[in-house]
Each structure stands twice: as C-alpha cells, then as structure tokens.
Student: 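This is the structure I have questions about; it appears just below.
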Amino acid sequence: MRDGAAIDVSQERVGSAAIVRVSGDVDMTGSPRLRDEIRTAQDARPERIVIDLSEVQYMDSSGLATLVEAMKIAKNKGTLLVLCSMHDKVRGIFEIARLDQYFTIVDSTDEALNA
Amino acid sequence: MRDGAAIDVSQERVGSAAIVRVSGDVDMTGSPRLRDEIRTAQDARPERIVIDLSEVQYMDSSGLATLVEAMKIAKNKGTLLVLCSMHDKVRGIFEIARLDQYFTIVDSTDEALNA
Amino acid sequence: MSATRTAPDYATAHIKLELLSDPIYLSGAREMVSAVSRRLGFDEVTCCQIALAVDEALANIICHGYNRRTDGKIWLYLWPGEGVPESPTIRIVIEDEARQVDIEKIKSRDLKDVRPGGLGVHIIKEVMDEVVYEKRQKTGMRLTMAKSVCACDNNTGGHRDA
Amino acid sequence: MSATRTAPDYATAHIKLELLSDPIYLSGAREMVSAVSRRLGFDEVTCCQIALAVDEALANIICHGYNRRTDGKIWLYLWPGEGVPESPTIRIVIEDEARQVDIEKIKSRDLKDVRPGGLGVHIIKEVMDEVVYEKRQKTGMRLTMAKSVCACDNNTGGHRDA
Ligand SMILES: Nc1ncnc2c1ncn2[C@@H]1O[C@H](COP(=O)(O)OP(=O)(O)O)[C@@H](O)[C@H]1O
Ligand SMILES: Nc1ncnc2c1ncn2[C@@H]1O[C@H](COP(=O)(O)OP(=O)(O)O)[C@@H](O)[C@H]1O
C-alpha cells in the first residue's frame, strides 16, 4: 500500500553528531517517518543531533509535535538538539506556537555542528 | 475587480533589443497580460525581442498560443523573437506541441541578445 | 467563538470540495486553498497561513472526529469576498459527519506547558480572523473560518501577541 | 476515443470538486490534482502533466462550453488506483452543464499548421493514457481521463511520437 508521505528523511554521522536531513512536507503523513528517523538517531546516543530543515517547505503542528517530543527525549538523555536552515515559512509556525525560543535554531549545518 | 492573474510582466530596452520578463503562471488568466506586453514591445519596433521565461514555472496552451501569435507578428515585421531560460517543465509542453523547433529557444538572456 | 448559526448558503459557494478523511488528501486540499487565496490577492505568507489553518482543521477532523478512519467524508466550501485585490477576503466552511464534541473541548493546550501536540486549534485561531466551531444539526461538526486583509493595514495576521 | 459509457460511480470517488467556470479557479483545481498525484506516487514530471491536462480540459469548458460565462458549474471527480506507489494510477472525470458538442468536433488543429490556439485537446491526449469525451445524459459533457505508470516501464508519457 502507498503511504502517501511526500517526505524523505536520511541521517549521517559526523564525529559525535548525528545529522538528520528532512525534505518534503512535514505533515500528518510525513511526521511519523521523521519521528522514526530521529528515534534511530537518538538510540545511537550521539552528543548532538542536528535536524537540517533546508529542504522543508511546509510543516504543520504534527511536525512541531514530533520535534517537541524529540527535544524532550534529548533533554532527558543530555543530548544537544539543534534545528538548522529553516525557511521563513516554516519559522512562522514556530513563532505562532511560541516554540521559537524553546528550540535552538541556527542558520546552517556548520553553525549547528559548532553551536 | 480582481483579475485573478498570478503573473507579472515587465520590459526593458537593451540597445536595439526589447527584453520581456515574465514571472508566474502563464495560464488563461495570465496570457492576456503577456500578450499585451509583447504587443507594446513589438509596437516600438525593436530589432529583436527576447522573452525571458526564467521565472515561469507553469505554462499551458494559452501561453503557447500567445507566443505563436507573437512569433507570427515578429516574422511579419522582420523582428527576431527569441525565448530564453525556459524551465524543463515548461519546455515539456513545447515538445508535446511540437513547437520546440518552431521557436528559437536559448539558455540565457545573454545568449538571446547575441543569438 | 461558539455562537450557534444557521447553515451557510452552500449554493453560493464558488468551490466545494468533498474528500475522504484520508491524510493523503491533506496536501491536495491545502494546495487548492493556497492557490485560490493567491488568485484572490493574498500575499504569499498569508496564503501559506490560510493553507495551514485548513490543514490543521482537516487533520483534527481525521484524528479526533473520525478517530483516524479513512472512509469518513469531509466537505470544504469556499467563498471569495467581494472587493478589490488589495483587500482580499476568503471564507471557508469545513463540515464533517464525525462525532459531535462540546465546543468548549475544542481548544489547544496552554502554550507555556510545552509538550508534543495540542497546538492545532491555537494555530487556526492565530492565523484566521474569524473561527467558529459548532455542531451541525444532526451529525458532525462545522468550522467557519474567515480571513481578510484590509488595504489600509499591513497586519497580515499570524504573528500577533495573544 | 468516443465510446458511449454509463455515468461513473460518483459515490466511490475519493475527491469531488465543484467549481464555478471562472478562470481564477483553474490554478486551485490543477494544484489540487498535482498534489494528490504526487501523494499517489507519480513523479514530478507526470504530476505536472496530469495537472496540465486538467487545466486544458477546464479551460476548454470555460471557453467553448460556457462561452466564458463565469457562473457555470464544473465537477471534477478523482479516483486513485489500487496498488503500489511504484505503479500509481489516477482516474479523473470532469463534467459540465454547458452546451453539448459532437465528439468529432473536439479535436485540435493539425500540428504542422502552426497558428495560435488549437492545442489543448492534443495536449490532453498526449499526456494522459485514456481520454474519452462523451455527452452526458441530459445536458453538458463528460471527459474521462486516466493515467498509469507501470513499475516495469520508464515511459511516463507525454513525449511519445504521435
Ligand atoms: N474536528 C474536531 N473534532 C473533535 N474534536 C476536536 C476537533 N478539533 C479539535 N478537537 C479537540 O480539540 C483538542 C485540541 O486540538 P489541537 O489544538 O489541534 O491539538 P491536538 O490535535 O494535538 O490534540 C483536541 O485534542 C480535540 O479534543
Ligand atoms: N469542453 C468542450 N466543449 C465544447 N467544445 C470543446 C470542448 N473542448 C474542446 N472543444 C472543441 O475542440 C476544439 C479544439 O480544442 P483545443 O485543442 O483545446 O483548441 P482551442 O481551445 O484553442 O480551440 C475547440 O475549438 C472546440 O471546438
């Protein structure tokens, strides 16, 4: 069966950090896949998880929920979680939800790896 | 009244050439505006008309009709008409309509000015 | 925010969309609304916000109304406002045949109590000018939303402080 | 290409869109179809082609069927195919209440006779696998279009030689 998700998620290990790259629409069909991938990254217990949103044009509250959950787990495990390369359109929804201060949001993966 | 067109058309004179720049969707709502702008350019009798399609993501047969008409007028007046910077998605419809050979299509405005 | 109203005048809607409560159709519905908003004269940011509100409303119907059943029906009706493109208006009504819930229960969590979920209704209310939930006559819910941009102000909404 | 059929089973459509014959709604309809096609598993190029076919069909109904009246009604019904995302299928039926024309008259100009216009029907037939025009029972026309991509072939259509 088709799962109807228009999203791609992959990850890469860079030193002690895991970079999770997302592309597509992070909506109700795509969020579960992002959640799985972040979980896998977290299970490997990296010091830092960078979530690269440069290829995300659309996110709804299911995406926010996924990232809030990831942040809670990261805080529990003492992992640093950083969001990077967010489009303005996507940042808008973080602001509406008052989550722009809750997350560490930086402009590039480089910055995220060194933040 | 709104006219519902999601298109912007402007023109610029560069030496003996007129460059017509289009952005947006060239569909039934947008084509008449493109047609008007090309007419205005043609009325000034430039040696060459360059139609820059770099910002056009979508074109339907009304756009093709507008460009075929412009080409007929150009041929009549002895003006050179060149299309440039066409996206692959847009080129597809020229191929389907077998119009890719009818027009002079080049990659950049520079090339179009010197073709 | 929970006034009881009579049913809208469906016959005058410019667009009616009926879709199954399957999440794979969320993107189709929101892209349609976004494209129409653009043609009505809304700027890019506002079009995205209107699409987001529609997406959140539909996702809530699928999750909470139909409990993730994918064969429920959802209707979306759209009316453009009269007027110039500098002051576009859009009115959207979304209806379902899902379970009816008390209007007071349709609300997001406290924003300060950060946890996964509980943001959809907040987003809808933040982004749209008018948001009214109500029970339909016999079965299901109705959500009426409207958004206008006045030519005279630059507030396209969405970033106001609550 | 002009077989007479019975009306489709409207009740089984996953999506039904009713819109006014106003060109400002063309983009909404095609963006919806494009987004749904993407979710069904079609590649980017094919999604654009399916959207183009829908746009051409609607534009023809507005121009030729309703003579550019903007208050006519148009219905679009959409069915996804059963099956895996590697072999997506989509079926689209478009109906109107506009004037009925003889099926033989619904055809584009000779491609070699280059002149403005006369390409829409050619594009629709080139881009879709199945294209059937017919008169509806009482009033108006019906266009049935389908497109499939077989997992086993790379031909996404549209660039075949006629
Ligand atoms: N269409 C709906 N039908 C039934 N209940 C709803 C609907 N929309 C919202 N609700 C209720 O409002 C609550 C808050 O919704 P929301 O802010 O979107 O957060 P979430 O969906 O994550 O719970 C939901 O938990 C649900 O109880
Ligand atoms: N929906 C329709 N209703 C009535 N006639 C149509 C319809 N679609 C196409 N036609 C007829 O088919 C002809 C060819 O259409 P098309 O190839 O799209 O070119 P054009 O629209 O530029 O004439 C039209 O001129 C018209 O006579």
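Keep in mind the model is a prediction, meaning the values are calculated, not measured. Numbers restart at 1 for each chain; the letters A, B, ... are given by sequence-line order, proteins then strands.
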Student: Please report the closest heavy-atom contact between D:E31 and C:A35, naming both atoms and the distance.
Tutor: CG-CB, 3.7 Å
Student: Out of the candidates C:I15, C:L19, C:L76, only one should pair with D:L17 under the side chain to side chain contact (heavy atoms under 4.5 Å, CB included) rule; please name it.
Tutor: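 Between D:L17 and the candidates, side chain to side chain contact (heavy atoms under 4.5 Å, CB included) is satisfied uniquely by C:I15.
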Student: Can you tell which part of D:R38 gets under 4.5 Å to a heavy atom of chain C, answering side chain, backbone, both or neither?
Tutor: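 Nothing of D:R38, per the 4.5 Å heavy-atom cut-off to chain C.
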Student: To the nearest 0.5 Å, what is the distance between CD on D:E18 and CH2 on C:W75?
Tutor: 14.0 Å
Student: Working to the nearest 0.5 Å, report the span between CD1 of D:I24 and CZ of C:R39.
Tutor: 8.5 Å
Student: Just jot down the salt bridge (Lys or Arg N to Asp or Glu O under 4.0 Å) partners of D:E97, sequence neighbours excluded, or say none.
Tutor: none
Student: Any idea which of D:A29, D:A13, D:S27 has the most non-hydrogen atom pairs under 4.5 angstrom with chain C?
Tutor: D:S27
Student: If I take atom OG from residue D:S21 and atom NE2 from residue C:H14, how far apart are they, to the nearest 0.5 angstrom?
Tutor: 10.5 Å
Student: Mark yes when over 12 heavy atoms from residues, nucleotides or ligands other than C:R68 sit less than 6.0 Å from its CZ; otherwise mark no.
Tutor: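 Open.
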